[in-house]
Amino acid sequence: MDVLGRYRNLIVLVGVLFAQVLGLAVQVRRTTDNEPTRLIRIWAVGAVTPLEKALVVDANLQPKPLAQLLLPARRARRKPRSEGAD
């Protein structure tokens, strides 16, 4: 408990800096290919991709990217609403 009291100012400073960087990453957009993407999403994909490549395996023991698993959901989301009403 003495350690938290001793380094309280440093812990608060690191917390505030982390919050500011996170807030900035949410606001900043990068244009990739066709559409702008938030920096926080690029960071999240960069952090998760190595883990999911190691963990997601199909029946043939070949790595299956998470993007392929989510592709049907992405296509359904991009489908115009007028087509979905039929």
So if you build clusters from Ile, Leu, Val, Met, Phe, Trp, Tyr with side-chain heavy-atom gaps below 4.5 Å, do V21 and L39 land together? yes
Are I40 and V28 in one and the same hydrophobic cluster, where Ile, Leu, Val, Met, Phe, Trp and Tyr link if side-chain heavy atoms are under 4.5 Å apart? yes
Is there a donor-acceptor pair under 3.5 Å between the side chain of R29 and the backbone N or O of R38? no
Could you work out the complete set of other residues in the hydrophobic cluster of V12, with links drawn between I, L, V, M, F, W and Y side chains under 4.5 Å apart? V16
Do I11 and R8 make a side-chain contact, defined as non-hydrogen atoms from C-beta onward lying under 4.5 Å apart? no
Side-chain heavy atoms nearer than 4.5 Å, only ILVMFWY residues, links allowed to pass through others: does that put L17 and Y7 together? no
Point-to-point distance, once rounded to the nearest 0.5 Å, from CH2 of W43 to CG of L22: 8.0 Å
